[in-house]
Amino acid sequence: MHLSPNDLQYLSECAINAAKNAGELIAAYADKKVEVRIKEGGDNLASQVVTEADLRSEAMIVEALQPGCEKFELGLLTEERGDDGSRFNKDYFWCVDPIDGTLSFIEGVPGYAVSIALLSRAGEALLGVICDPLTKTLYSAVKGQGAMRNGEPWSLPAASSLAGRPLTLVCDRSLEEQPYYHQLLERFEAIAERTGASGLRTLHKGGAVMNGCWVLENPPGCYFKFPKPQKGGGSVWDFAAIACLFHEMGAVATDFYGQPLDLNRADSTFMNRNGVLFTTDQALVAEIEGLQV
C-alpha cells in the first residue's frame, strides 16, 4: 500500500486530535498524586516507571487511531502494550508514547509529552505529532509538507541571526549521572567557542521527546545519547516523532555516527546500539561525533 500526501494529512489530523485529547487528560493529573509502578524496561529508572495516566493516555490514543489502522491496514507499536510484531508485516505502523518523560511527570516538572508518529516498515518517519500538556504546545510534521508549531508553519532561524546566542546542550538524566559529565561540559564549552557561540547553557530533566523539541526551540542546540552495549538508550517511540520534525525543519536527526536512525530495528525497540544525535547545526555533527568517553 502507498500512502498519498492526502492520506498522510488525514492521518496527521487523526494523530493531532488524539495527542490534544491525551494532553488534556494528562494535564488533569497535574495536581494529583499518582501511583507509580515498575515495569520491565532498559537499564535506567526512566524506562521502568509507569502510571495510571500513561495507561489511560495510551488507551485513548489507540482508540482514536483505530479507524485509520483499519482504513489503511496500519500496524501499531506502543510503549505500554508492547511489540506485537505488526511493524514487520504492515507497510506502515503507528508508534506511540503516551507519556514520554514519565519521571518528569511524576515529579511535576516540565519535560513530559505525548508523542505519536507514523513509520514505514523501512523505518522512515512519515509524520510526527507531539503535545506538551503543560504549555499546551502542539508540534507536528508531515514528510514533504513541513513542520508546524501550534498550527503555524515552523522553521529554524537563519544561521546569520544566531550570532551572539549560546550553544544549548540538552541533557537527559542518564547523561547527568555519568562520572564524566562535568568533563563533558568543559568540552562543550570549547565546542561553543570554536563554533562562534556566545557560551554554553544547559537544559535538564526532560524526556527524549521534549529534549528534542527544546533543541529546536533553542538553536543552536544539540541532544545526543552515546552508543552503549546495555539495553536502553531510549526506544523507537522516544525518537520517531522528533525525527520527523527535525527532518522537515532541515535539522540533523541521525545515529551517533551520522547514519540514518534505525527506527524499526529488527531485534529490539531500543536504540542503544548506535546512539542518537539531534542538532540544529550541521557544523556541530563532526564536533559531537568526535567526542569519546
- Do the charged groups of Glu287 and Arg194 touch, with an N to O distance under 4.0 Å? yes
- Query: Within a reach of under 6.0 Å around CD of Glu63, are more than 12 heavy atoms found that belong to other residues, nucleotides or ligands?
  - Reply: no
- Query: Does any non-hydrogen side-chain atom of Pro219 lie less than 4.5 Å from one of Arg165?
  - Reply: yes
- Message: Show, in sequence, the C-alpha distance, side-chain angles and deciding distance for Asp54 and Thr102, and conclude whether the side-chain hydrogen bond (donor to acceptor under 3.5 Å, both in side chains) test is met.
- Response: CA-CA 8 Å; Asp54 292 84; Thr102 301; 2.9 Å; yes
- Modelled atom types, side-chain donor and acceptor of Glu52 and Tyr29, under 3.5 Å: yes
- Message: If you count every heavy atom of other residues, nucleotides or ligands that lies below 6.0 Å from Glu193 atom CD, does the total exceed 12?
- Response: no
- Task: Test Asp172 against every option in His204, Lys205, Lys225 by the side-chain hydrogen bond (donor to acceptor under 3.5 Å, both in side chains) rule and name the one that passes.
- Result: Lys225
- Can you get from Val170 to Leu261 by hopping between Ile, Leu, Val, Met, Phe, Trp and Tyr side chains that sit under 4.5 Å apart? yes
- Message: I'd like to check the ring pair (Phe, Tyr, Trp, His ring centres under 6.0 Å) partners of Phe93; sequence neighbours left out, ordered by chain and number.
- Response: none
- Task: Take atom CD of Gln145 as the centre, draw a 6.0 Å sphere, and report whether it contains more than 12 heavy atoms from other residues, nucleotides or ligands.
- Result: yes
Please tabulate, for the side chains in residues 148-156, all donor-acceptor contacts under 3.5 angstrom to protein atoms that are two or more places apart in sequence or on a different chain.
residue	atom	partner	partner atom	Å
Arg149	NE	Glu217	OE2	2.8
Arg149	NH2	Glu217	OE2	3.1
Asn150	OD1	Leu138	N	2.8

- Message: Same cluster or not: Leu74 versus Leu77, using hydrophobic residues (I, L, V, M, F, W, Y) connected whenever any side-chain heavy atoms lie under 4.5 Å apart?
- Response: no
- With a 4.5 Å limit on heavy-atom distance, are the side chains of Ile130 and Cys213 in contact? yes
- Is Asp7 salt-bridged to Lys71, cutoff N-O under 4.0 Å? no
- Message: What verdict does the side-chain hydrogen bond (donor to acceptor under 3.5 Å, both in side chains) test give for Glu58 and Thr78, after you've listed the backbone C-alpha separation in whole Å, the side-chain angles of each residue and the deciding distance to 0.1 Å?
- Response: CA-CA 8 Å; Glu58 182 165 291; Thr78 72; 3.0 Å; yes
- Heavy atoms only: give me the nearest Cys69-Gly75 pair and the separation to one decimal. SG-O, 4.5 Å
- Item | Joint hydrophobic cluster, Phe224 plus Phe278, side-chain heavy atoms closer than 4.5 Å | no
- Item | Pair Asn218-Arg201, side-chain hydrogen bond (donor to acceptor under 3.5 Å, both in side chains): steps then yes or no | CA-CA 10 Å; Asn218 297 279; Arg201 70 168 175 172; 2.5 Å; yes
- Query: Mind checking whether Arg87 and Thr269 have side chains closer than 4.5 Å, heavy atoms only?
  - Reply: yes
